[in-house]
Amino acid sequence: MYSEQCPIDEQRSITESVFLLSFTSRAIARTGRPGQFLHIRVRTGIDPLLRRPLSIHRIDPQTGQISLLFRVVGRGTRLLKDMRPGDPLDVMGPLGRGFDLSGNFSRALIVAGGMGGAPVFFLIDALLSLGKQVTLLWGVGDGREIFGTDEYVRKGVDVRVATEDGSLGHRGYVTELLDVFLKTHAQDQSFRGFVCGPECMLLPVQRFARKTVFSWQASLEERMACGVGVCQGCGVRIRNQAEYRMVCKDGPVFDLKEILFHD
Amino acid sequence: MTDLTVRIGRLTLKNPVLTASGTFGYGPEYADYVDLNRLGGLITKTITLEPRGGNPMPRIAEMPAGMLNSIGLANVGVERYLAEKLPLLEKYETAVIANLAGSTVEEYARVVMKVQKHPRVDGIEVNVSCPNVRKGGLAFGTDPDVLCELVRSVRSETDKTVIVKLSPNVTDIRPVAMAAASGGADALSLINTVMGMGIDIRTRKPLISRITAGLSGPAIKPIAMAKVYEAAQAVDLPLIGIGGIMNGEDAVEFLMAGASAVQVGTLNFVDPAGCLKVLEGIETFCREQGIAKVSDLVGAMDHG
């Protein structure tokens with residue numbers, strides 16, 4: 001784990017509210033794994049006070065460049081959006097336990113919703129390098145938030161898109177794409193499922209997942225203070241665990257079938 | 001070179017910067033970021049006789065220049081603390097102060113009895129100021145008579161330094177400080193969090209599941225300063241100032257108000273090496289001002 005000031009290389013807008021920021025840190029690039037997050041201090045002053053956890057969107061191991069994909073939802077992300085190339089970014093990480101890509105599976109099914117797309121690119125890069133066959137189901141509200149998929153289609157990833165505004169792919173929710181997909185694959189043990197997105201999407205995906213024969217890993221989003229398990233603020237209930245598990249330290253990736261939402 | 005050592009009760013600390021309970025885990029969690037040997041002292045997370053899971057989520061919320069928390073003293077319990085957590089601190093040369101709480105006087109005494117025997121425990125901090133538990137906690141920190149009895153009972157269990165951590169959630173902190181002193185405390189630390197709350201007006205839900213919670217961070221620093229100043233007038237004990245310290249200058253302010261040392265809390269969440277930056281800031285100030293001993297700053301405010 002590192003705590004560093006990293007100069008920003010690029011700030012790119014995907015839409016008016018979604019941004020892709022990149023910076024360079026060889027140390028973090030060397031050690032970061034898919035599903036891990038970085039804890040970003042958006043301002044050196046006292047307000048806003050706390051860091052913002054953002055999952056690693058992508059790492060270029062050659063150049064040490066790291067990118068973050070984020071939506072402007074509040075004051076912290078607005079300040080982050082306003083940062084410019086050359087500005088120093090205060091980064092702590094990589095933190096948390098990422099996706100477990102070990103073990104026996106040949107096909108990966110990834111379900112992403114909204115900003116759940118953020119950790120997915122890094123995950124796909126890792127899966128492809130392990131020779132896995134990848135299907136990505138990606139749902140967003142506004143079709144313009146879908147970007148960068150051409151590269152993965154060229155690399156053989158089966159990409160299926162759902163948009164609520166119907167501007168791209170299937171009009172509707174990503175869970176509808178999942179329903180269709182699982183009609184033919186729910187009993188296929190060569191799969192492993194991965195899901196990233198807000199809780200309102202994880203809940204229905206969990207219901208589908210529990211009817212499949214393969215295992216699923218979910219990356220959770222949670223507000224945090226410390227990011228390292230000290231403050232005990234980001235707990236989640238896991239089946240058969242007496243105590244809360246901490247999203248920052250024990251996660252953010254958990255076994256989807258075992259997560260107890262609203263508990 | 002400034003002499004940074006300070007005396008807190010029966011302990012001599014190598015410098016006046018400690019990490020506040022509940023913001024630094026059991027110690028090793030931040031060892032990747034902080035050379036623990038450089039700390040004046042490390043105060044571990046509040047432990048209780050039995051393990052506690054803590055309060056329901058949500059337990060934290062960001063506030064302007066601060067945060068609310070209602071963790072509810074989640075901890076591994078005294079047995080695991082002794083068996084698993086304290087041994088990890090054996091290789092470090094910094095004072096370890098065990099913070100503890102209970103729901104009855106007897107429970108406090110039993111935890112003290114178990115903890116104080118451990119060679120790695122240099123002192124005890126008694127938490128009588130947690131606003132986030134139903135039984136115990138704050139109940140002991142607001143009534144001078146009850147507090148005096150509790151401190152006396154703790155005192156009778158140990159010869160190690162006893163620090164009592166006070167709450168700001170009282171009308172007047174002076175009688176509480178005096179009660180802790182007459183019960184036999186070696187030192188007082190103040191303040192614990194300030195009671196606060198917030199509501200999400202769109203969902204109409206409280207920001208914290210238990211509704212009220214403890215506010216910490218720079219937002220409470222002026223309150224903490226006033227409480228330290230008042231306590232310094234009321235008792236002749238070393239005080240440890242706590243509340244929103246973000247840098248060395250904040251720490252020096254607390255010393256001038258009457259604190260002999262300080263604890264860094266919420267800053268640890270923001271900057272994991274923040275406590276050492278506070279220490280460096282104190283050193284810089286002393287060097288610039290030609291201060292020979294950091295203890296010369298204690299209560300050094302010019303009343304005019």
Side-chain angles (χ1 to χ4, degrees), chain A residues 1-5 27-28 31 39-53 73-77 79 90-95 199-200 220 222-238 241-250 259-263, chain B residues 19-34 44-46 51-77 207-209 213 216-219 221 244-247 250 265-274:
Chain A
M1 288 179 284
Y2 303 90
S3 183
E4 287 187 359
Q5 300 287 331
I28 295 172
T31 51
H39 218 19
I40 309 288
R41 192 172 181 188
V42 295
R43 159 173 287 193
T44 48
I46 58 172
D47 194 33
L49 182 66
L50 301 175
R51 289 173 181 267
R52 282 4 187 207
V73 290
R75 235 149 45 91
T77 41
L79 287 164
D90 185 333
V91 185
M92 220 178 124
L95 299 175
E199 195 173 306
C200 61
L220 299 185
E222 193 56 75
R223 286 168 192 265
M224 296 174 187
C226 72
V228 294
V230 164
C231 76
Q232 304 273 305
C234 60
V236 58
R237 287 269 183 229
I238 302 295
Q241 300 272 343
E243 307 300 345
Y244 279 114
R245 311 304 289 165
M246 293 303 138
V247 172
C248 67
K249 185 161 173 275
D250 304 310
I259 299 170
L260 302 174
F261 293 106
H262 301 303
D263 214 32
Chain B
T19 54
S21 179
T23 67
F24 212 68
Y26 297 102
E29 288 90 335
Y30 276 123
D32 275 5
Y33 303 97
V34 179
T44 51
K45 180 156 182 54
T46 300
R52 289 178 62 100
N55 292 332
M57 301 291 159
R59 293 172 171 181
I60 56 167
E62 191 174 44
M63 291 284 115
M67 65 180 280
L68 288 173
N69 90 78
S70 179
I71 306 301
L73 303 184
N75 79 95
V76 298
L207 294 179
I208 301 287
S209 66
S216 68
K221 196 190 112 195
I245 293 172
M246 296 294 281
N247 52 50
D250 290 342
T266 304
L267 174 59
N268 296 315
F269 300 155
V270 179
D271 180 354

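A, B, ... follow the sequence lines: proteins, then strands. Residue 1 opens every chain. Side-chain atoms are counted along with the backbone in the values below, which use heavy atoms only and exclude waters and symmetry mates.
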- Message: Quick check on A:Met92 against chain B: is it the side chain, the backbone, both or neither that has a heavy atom closer than 4.5 Å?
- Response: side chain
- Item | Whether A:Tyr244 side chain and B:Met57 backbone form a donor-acceptor pair below 3.5 Å | yes
- Query: For the atom pair CG (B:Leu267) and CD1 (A:Ile46), what is the distance rounded to the nearest 0.5 Å?
  - Reply: 11.5 Å
- Note on the structure: When the 4.5 angstrom heavy-atom criterion is applied to B:Pro56 and chain A, the contacting part is both
- Query: What pair of heavy atoms forms the shortest contact from A:Glu243 to B:Gly53, and how long is it?
  - Reply: OE1-CA, 2.9 Å
- Non-hydrogen atoms of chain A under 4.5 Å away: do they reach the side chain of B:Asn55, the backbone, both or neither? backbone
- Message: Apply side-chain contact (heavy atoms from CB on, under 4.5 Å) to residues A:Glu222 and B:Ile60 and explain how you reach the verdict.
- Response: CA-CA 11 Å; A:Glu222 193 56 75; B:Ile60 56 167; over 6 Å; no
- Message: So B:Pro64 and A:Arg75, do their side chains get closer than 4.5 Å, heavy atoms only?
- Response: no
- Message: I'd like to know which of B:Ala65, B:Gly25, B:Ala273 tops the heavy-atom pair count under 4.5 Å against chain A.
- Response: B:Ala65
- Item | Region of A:Gln232 that comes under 4.5 Å of a non-hydrogen atom in chain B | both
- Out of curiosity, A:Cys226 SG to B:Glu29 CD, how far, rounded to the nearest 0.5 Å? 9.0 Å
- Does atom NZ of A:Lys249 have more than 12 heavy-atom neighbours from other groups under 6.0 Å away? no
- Message: Given heavy-atom pairs under 4.5 angstrom as the criterion, report whether the side chain, backbone, both or neither of A:Arg223 touches chain B.
- Response: backbone
- Query: Is chain A contacted by the side chain of B:Thr266, its backbone, both, or neither, given a heavy-atom distance below 4.5 Å?
  - Reply: side chain
- Query: Does a side-chain heavy-atom distance below 4.5 Å link A:Arg52 with B:Glu62?
  - Reply: yes
- Residue selection (most heavy-atom pairs with chain B, distance under 4.5 Å) from A:Pro48, A:Gly227, A:Cys231, A:Gly229: A:Cys231
- Query: Highest number of heavy-atom pairs under 4.5 Å with chain A: which of B:Met63, B:Arg59, B:Met246?
  - Reply: B:Arg59
- Task: Please look at B:Tyr26 and chain A and tell me whether the side chain, the backbone, both or neither of the residue comes under 4.5 angstrom of a heavy atom of that chain.
- Result: neither
